[in-house]
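Heads up: the structure comes next, in structure tokens.
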There are 2 protein chains.
Amino acid sequence: MTTARLHSSATSQSSTKNGANGVRQRRSLEARHKLIEATIACLDKFGYADTSIARIQDQASVSRGALTHHFPSKEELVIATIDSLLETLLRPSLPSKKLSQTDIVADLRWLARNMTGTARGRALSEVLMATRTDKKLSARVNRRLTDWNTKLDEAVVGFYASPTGDDDDVRQIWMIARTFMRGLILQQPFTPDPAQIEQAINRFGALIAPYLETRKREGVTDA
Amino acid sequence: MTTARLHSSATSQSSTKNGANGVRQRRSLEARHKLIEATIACLDKFGYADTSIARIQDQASVSRGALTHHFPSKEELVIATIDSLLETLLRPSLPSKKLSQTDIVADLRWLARNMTGTARGRALSEVLMATRTDKKLSARVNRRLTDWNTKLDEAVVGFYASPTGDDDDVRQIWMIARTFMRGLILQQPFTPDPAQIEQAINRFGALIAPYLETRKREGVTDA
DNA sequence: CCTTACAGAACGATTGTTCTGCTTGTAAAG
DNA sequence: CTTTACAAGCAGAACAATCGTTCTGTAAGG
């Protein structure tokens with residue numbers, strides 16, 4: 001007599017009116033978190049093609065029943081994982097503890113490391129490639145991705161300005177930078193020497209540096 | 001016109017003693033070609049994850065027995081497909097009927113179209129992403145990819161020169177350009193507007209144009 | 001006559017999903 | 001503060017479908 005156990009979408013949680021942390025809810029969130037982290041690890045290790053539910057539940061040390069309880073389908077799990085990836089990959093650049101704002105090349109190196117040098121960055125690349133052909137998945141995450149991109153643009157405009165004063169140019173330059181960084185993952189098989197990759201990053205930084213200026217930092221209260 | 005010459009690669013070198021085209025050999029090459037084309041089409045349409053043997057043989061309108069006869073394993077088929085992709089993606093840039101050599105931005109647009117706007121370019125991106133985690137596949141194609149990259153570098157140096165006279169700089173600039181182009185595939189979900197993509201390509205061309213000059217064209221006999 | 005080219009069934013392994021049963025937190029009822 | 005009822009959390013079997021590979025059989029070019 002189980003009703004439709006549509007375990008509410010990824011964003012819900014929201015809890016009930018209860019503010020206290022119930023044992024029940026806490027464990028649930030823990031399990032979800034563990035499963036998402038396992039999915040990221042599998043995407044990084046095995047790639048999207050070979051990331052199966054069996055592997056994920058093995059990586060997470062969670063029973064299959066628990067997995068299917070929290071994520072009734074693989075698609076739900078992937079989407080929740082994408083949400084997690086977007087959030088954690090956006091957060092560090094918003095408070096800008098990491099961005100030096102003065103050395104653009106250093107910022108680019110940080111960007112490169114974030115996108116290709118971490119499990120989360122590589123995992124995102126895997127799902128991005130998958131969305132190209134998986135229309136069902138694409139339909140459900142397209143909005144999130146474009147929103148994320150816009151938010152990132154606005155954050156960058158808060159840090160950098162164009163000598164011409166055109167903010168759109170800053171957005172375009174950084175969009176080019178992000179595109180270049182993403183391309184590194186696909187270029188790596190051609191250029192196995194890490195030093196050559198690093199040199200290319202530095203050179204790219206030199207190419208775009210003349211078109212970026214540090215913005216006069218006023219009250220940048222992060223919301 | 002499209003008599004694609006596909007060398008049988010790692011496996012048997014397929015007896016070159018016979019100069020005459022037997023009916024037998026011709027049909028075999030035709031079947032191989034058809035299967036490779038079908039694989040490319042499937043990689044483009046379904047992505048690497050969902051490109052199964054069943055789908056390939058369906059796309060090629062070939063029996064499963066025929067497929068397994070020509071390619072005893074999926075890996076063999078994928079490798080033969082990669083060989084075909086590398087060859088056809090290199091050829092047009094070698095004789096340089098397409099490269100204008102004067103308008104760098106136009107050349108970049110052609111490069112972008114070649115890498116992200118064609119089924120072959122997208123199919124290559126799919127397998128490139130797969131090689132990141134598939135170590136068995138990676139081990140078998142790494143050499144081919146680096147060699148291909150080197151060959152492309154040399155071809156580019158034949159067309160362009162650096163104002164500084166340093167050929168290595170030309171190689172680096174074009175390596176950056178190729179990386180950027182590859183990144184477009186992964187950036188597309190974030191930036192669905194084609195016009196914005198095109199503008200970014202043009203802008204990128206403007207960024208690197210100052211560092212490239214047309215090389216005085218002497219006898220460029222393509223080997 | 002024999003090897004190659006092909007057709008197609010059969011194979012075990014693995015895919016993602018569905019279902020049944022058991023435990024347990026939690027909140028309402030007493 | 002109990003008692004009780006019920007849904008959430010979870011374990012694991014069962015499921016049909018599909019995966020890639022192997023095998024047997026047949027037709028035909030050399």
Side-chain angles (χ1 to χ4, degrees), chain A residues 1-8 12-35 38-39 42 46-58 60-79 81 130 134 136-137, chain B residues 8 11-15 17-35 38-39 42 46-79 81 130 134 136-137:
Chain A
M1 269 326 217
T2 54
T3 59
R5 34 189 55 197
L6 186 66
H7 185 272
S8 68
S12 74
Q13 79 213 46
S14 70
S15 74
T16 53
K17 45 269 180 187
N18 184 6
N21 57 341
V23 175
R24 209 182 189 92
Q25 187 185 28
R26 204 206 55 200
R27 284 187 190 166
S28 181
L29 288 178
E30 275 179 10
R32 284 179 64 94
H33 178 73
K34 200 157 60 162
L35 285 167
T39 305
C42 286
F46 309 120
Y48 187 86
D50 292 331
T51 291
S52 66
I53 289 188
R55 261 201 250 262
I56 292 172
Q57 63 130 314
D58 189 50
S61 300
V62 155
S63 75
R64 170 147 299 203
L67 193 152
T68 59
H69 171 72
H70 292 288
F71 302 98
S73 75
K74 189 182 179 184
E75 188 186 354
E76 297 297 327
L77 176 53
V78 170
I79 287 174
T81 301
D134 191 331
K136 206 181 303 182
L137 182 62
Chain B
S8 71
T11 58
S12 64
Q13 180 52 0
S14 79
S15 69
K17 64 194 77 167
N18 186 4
N21 56 341
V23 176
R24 209 183 189 91
Q25 187 184 23
R26 203 206 55 195
R27 284 186 189 167
S28 180
L29 288 178
E30 276 179 10
R32 284 179 63 95
H33 178 73
K34 200 156 60 162
L35 285 167
T39 306
C42 286
F46 308 120
Y48 187 85
D50 292 332
T51 292
S52 67
I53 289 188
R55 261 202 251 260
I56 292 172
Q57 64 129 315
D58 189 50
Q59 169 82 23
S61 299
V62 155
S63 75
R64 170 146 298 202
L67 192 152
T68 60
H69 172 71
H70 292 289
F71 301 99
S73 76
K74 189 183 179 182
E75 189 186 353
E76 296 296 328
L77 176 53
V78 169
I79 288 174
T81 301
D134 191 331
K136 205 180 304 182
L137 182 62

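Note on naming: letters A, B, ... go to the chains in the order of the sequence lines (proteins, then strands), and numbering restarts at 1 for each one. Reckoned from all heavy atoms, side chains included, excluding hydrogens, waters and symmetry mates.
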Nucleotides 25-30 of chain D: protein proximity per nucleotide (B base, S sugar-phosphate only, - neither; heavy atom, under 4.0 Å)
----BS

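For the side chain to side chain contact (heavy atoms under 4.5 Å, CB included) test, residues two or more places apart in sequence or in another chain that qualify with A:S52 are A:A54, A:R55. With sequence neighbours left out, the side chain to side chain contact (heavy atoms under 4.5 Å, CB included) criterion links A:A31 to A:H70. Remark: B:S63 engages B:A66 in a side chain to side chain contact (heavy atoms under 4.5 Å, CB included) (not counting sequence neighbours). For the side-chain hydrogen bond (donor to acceptor under 3.5 Å, both in side chains) test, no residue two or more places apart in sequence or in another chain qualifies with A:Q57.
Of the candidates C:dT15, C:dT18, D:dG20, D:dG20 carries the atom nearest the B:S52 side chain, counting heavy atoms from C-beta on. Taking only side-chain atoms of B:A31, from C-beta outward, the nucleotide of D:dC19, C:dC6, C:dT17 with the closest atom is C:dC6.
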The test is side chain to side chain contact (heavy atoms under 4.5 Å, CB included); show your working for B:L29 and B:H33 and say whether it passes.
CA-CA 6 Å; B:L29 288 178; B:H33 178 73; over 6 Å; no

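Between A:H69 and the phosphate of D:dG9, there is a side-chain N or O to OP1/OP2 separation shorter than 4.0 Å.
Separating the NE2 atom of A:H70 from the P atom of D:dA7 is a distance of 18 Å, rounded to the nearest angstrom. Per the geometry, CG belonging to B:L77 stands 12 Å off C1' belonging to D:dG20, to the nearest Å. Rounded to an integer number of Å, the gap from CD1 of A:I53 to C1' of D:dT18 is 15 Å. For the pair A:E75 CD and C:dG16 P, the interatomic distance rounds to 13 Å; values are reported in whole Å. In this structure, the CZ atom of B:F71 is 12 Å from the P atom of C:dA5, given to the nearest Å. Atom C1' of nucleotide D:dG20 and atom CG of A:D50 are separated by 12 Å, given to the nearest angstrom. In this structure, the CZ atom of A:R26 is 13 Å from the C1' atom of D:dG9, given to the nearest Å. In this entry the distance linking NZ of B:K74 with C1' of D:dT18 reads 12 Å, nearest Å.
Taking both residues in full, the closest heavy atoms of A:I53 and A:R64 are given as CG2-NH2, 3.4 Å, listed atom of the first, atom of the second, then distance. A:L67 approaches A:I56 most closely through the heavy-atom pair CD1-CG2, 4.1 Å. Residue B:T51 comes nearest to B:K74 through the heavy atom pair O-NZ, 2.9 Å, listed as atom of the first residue, atom of the second, then distance. Pairing each heavy atom of A:A38 with each of A:A60, the nearest pair is CB-CB, 3.5 Å.
When atom types are taken as modelled, the side chain of A:T81 and the backbone of A:L77 share a donor-acceptor pair closer than 3.5 angstrom. Although no hydrogens or angles enter the test, the distance criterion places a donor-acceptor pair under 3.5 Å between the side chain of B:T39 and the main chain of B:L35.
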If you restrict it to nitrogen or oxygen atoms, what contacts under 3.5 Å exist between nucleotides 1-5 of chain D and the protein, and what is each distance?
none

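Stem regions annotated for DNA chain D: C:2-15 with D:16-29, C:17-30 with D:1-14, counting only runs of 3 or more consecutive pairs of Watson-Crick or G-U type with both contacts under 3.5 Å.
Remark: B:R64 in residues 55-67 of chain B come within less than 4.0 Å of DNA chain D through at least one heavy atom.
At a threshold of 4.0 Å, the pair A:E30-A:K34 does not count as salt-bridged, since none of the basic side-chain nitrogens sits closer than that to a carboxylate oxygen.
Considering OH of B:Y48 and CG of B:L137, their distance stands at 5.0 Å, rounded to 0.5 Å. Between B:T68 atom OG1 and B:E76 atom CD the span is 13.0 Å, to the nearest 0.5 Å.
If you check every strand for non-hydrogen atoms under 4.0 Å, B:T68 touches a base.
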